[in-house]
**Student:** 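Okay, handing you the structure first.
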Amino acid sequence: MQQRTLGTSGLQVSALGLGCMGLSFGLGPATETSEAIKLIRDAVERGVTFFDTAEVYGPFVNEEVVGEALAPFRKDVVIATKFGFEPDPSNDGKWTAANSKPEHIKQVVEGSLKRLKTDTIDLLYQHRVDKNTPIEETAGAVKELIQAGKVKHFGLSEAGAKTIRRAHAVQPVTALQSEYSLFWREPEESVMPTLEELGIGFVPFSPLGRGFLTGTITAQTTFAAGDIRSTLPRYNGEARDANQALVEVVGKFAEQKRAKPSQVALAWLLAQKPWIVPIPGTTKLARLEENLGGATLALSAEEVRTLNEASAAITIQGERYSEVNARLIDR
Ligand SMILES: NC(=O)c1ccc[n+]([C@@H]2O[C@H](COP(=O)([O-])OP(=O)(O)OC[C@H]3O[C@@H](n4cnc5c(N)ncnc54)[C@H](OP(=O)(O)O)[C@@H]3O)[C@@H](O)[C@H]2O)c1
């Protein structure tokens, strides 16, 4: 697969990575471990070299699955994981509280290294900005982990432009991982100019709009227990119905291109900037293969403009996050 470099850091990865979260967490029942391991190895065989996990996915289980799956290929792949969540006593002990204190980060990294069966994490993200810990302290802790050889690159997730600048001044940031897709284009104004200026790569998460852009979430869809989409306003009720207008735009465009909607969604992201590396997630081999086809779907400048204009003409209904998730978004 075509390679991309995240920012000016020199971190080279396949143009599309694999988001591993849904194999264990967040989108319904977990995939059986041996099947999840096989899916990840199928991705390696097809040229994917960039794998995304986090301590909180499970918690812990997803890092274990990713570690087991990638152990035989360790030197050929880039593993990204994240710290920064902990159980929240005011939310039934669910992992929705932020903690990016230096001592905590160092402890989390020791656990992640063990679960990932590795002695160094290629890319370590702060999962959410912790309003109670100055970002300089967090960046300083990651800097020490880099100096100790336990981490190679520093990343942030859902951080705002000011935080990115402050963190980058202490420890250069290799990548920002935030939601970005035809379903959520706010980063184009809020952070992408800063990323470009500072030479930081961008890793869009939920690049298929958590599946919505593929047209497989319809009025009839019911989400399984533990599927975060059941709690997100954009995916439910009248908002879901209204947002089908965007699915239609992507679907029609895909038909004209003789491609799949998933491929259009990913090709559109790749066409925005050469330092963007989306990480679509799936639990199914056929969909993995379909998604990887997005890396070779060329869109002309005119086609990108057409999609930009068509999507801009649709106002997405419903909040992106529920209140508990929204509390942790940094502006
Ligand atoms: N930093 C953060 O806070 C954060 C937040 C969310 C996600 N992430 C990362 O980003 C990765 C991707 O995001 P995501 O999983 O939320 O959303 P996504 O990649 O946009 O969509 C995944 C969903 O789409 C479905 N899907 C995938 N390919 C499909 C296809 N070709 N046709 C139809 N449906 C398809 C999957 O179902 P099947 O499994 O049934 O195919 C799954 O339900 C995650 O795995 C995680 O690593 C990070």
Side-chain angles (χ1 to χ4, degrees), residues 16-31 35-36 39-40 42-43 48 50-58 62-63 65-66 79-85 95-96 98 123-129 155-159 175-184 187 202-218 221 223-224 226-232 234-235 247 250-251 254 259-269 277-295 297 320-321 325-326 328-330:
L16 292 174
L18 179 68
C20 297
M21 177 187 80
L23 290 165
S24 316
F25 174 79
L27 297 173
T31 300
E35 279 175 39
L39 196 273
I40 293 170
D42 285 339
V48 176
F50 188 34
F51 294 86
D52 190 74
T53 181
E55 180 199 32
V56 73
Y57 298 162
N62 194 243
E63 282 189 333
V65 169
V66 169
I79 301 181
T81 193
K82 318 182 193 78
F83 63 85
F85 278 116
W95 282 52
T96 51
L123 174 56
L124 179 69
Y125 297 100
Q126 179 195 45
H127 211 149
R128 286 292 180 276
V129 174
L156 298 169
S157 178
E158 291 283 357
L176 176 78
Q177 177 179 133
S178 290
E179 182 165 0
Y180 181 38
S181 71
L182 280 161
F183 203 21
W184 181 252
F202 191 21
V203 177
F205 77 68
S206 303
L208 304 171
R210 302 185 199 260
F212 192 73
L213 293 170
T214 68
T216 50
I217 299 174
T218 65
T221 305
F223 296 118
D227 190 323
I228 188 178
R229 292 170 295 194
S230 67
T231 68
L232 307 180
R234 281 188 302 175
Y235 296 88
V247 177
V250 178
K260 299 286 185 191
S262 59
Q263 296 169 337
V264 169
L266 296 169
W268 176 83
L269 282 169
V277 180
I279 47 166
T282 182
T283 53
K284 300 173 178 71
L285 177 58
R287 288 178 172 182
L288 169 71
E289 289 180 333
E290 180 183 301
N291 296 346
L292 295 182
L297 180 68
R320 179 167 74 107
Y321 273 131
N325 301 119
L328 293 171
I329 299 305
D330 183 51

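Whatever order the structure lists ligands and atoms in, that order sets their numbers, starting from 1.
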**Student:** Measure from NZ or CZ of R234 to the centre of the six-membered ring of F212 and say whether it is under 6.0 Å with the direction within 45° of the ring axis.
**Tutor:** no

**Student:** List the protein residues in contact with ligand 1, where contact means a heavy-atom separation under 4.0 angstrom.
**Tutor:** G19, C20, M21, L27, D52, Y57, K82, H127, R128, S157, Q177, F205, S206, P207, L208, G209, R210, G211, T214, T216, R229, S262, I279, P280, G281, T282, T283, K284, R287, E290, N291

**Student:** Would the distance check show the side chain of S262 and the main-chain N or O of N291 forming a donor-acceptor pair, the cut-off being under 3.5 Å?
**Tutor:** no

**Student:** Is the backbone of W184 close enough, under 3.5 Å, to the side chain of R320 for a donor and an acceptor to pair up by distance?
**Tutor:** no

**Student:** Answer with yes or no after comparing the ring centroid distance for W268 and Y180 against a 6.0 Å cut-off, counting only values under it.
**Tutor:** yes

**Student:** Under a 4.5 Å cut-off applied to non-hydrogen side-chain atoms, are L39 and T31 in contact?
**Tutor:** no

**Student:** Is K82 paired with E158 through a side-chain N to carboxylate O contact shorter than 4.0 Å?
**Tutor:** no

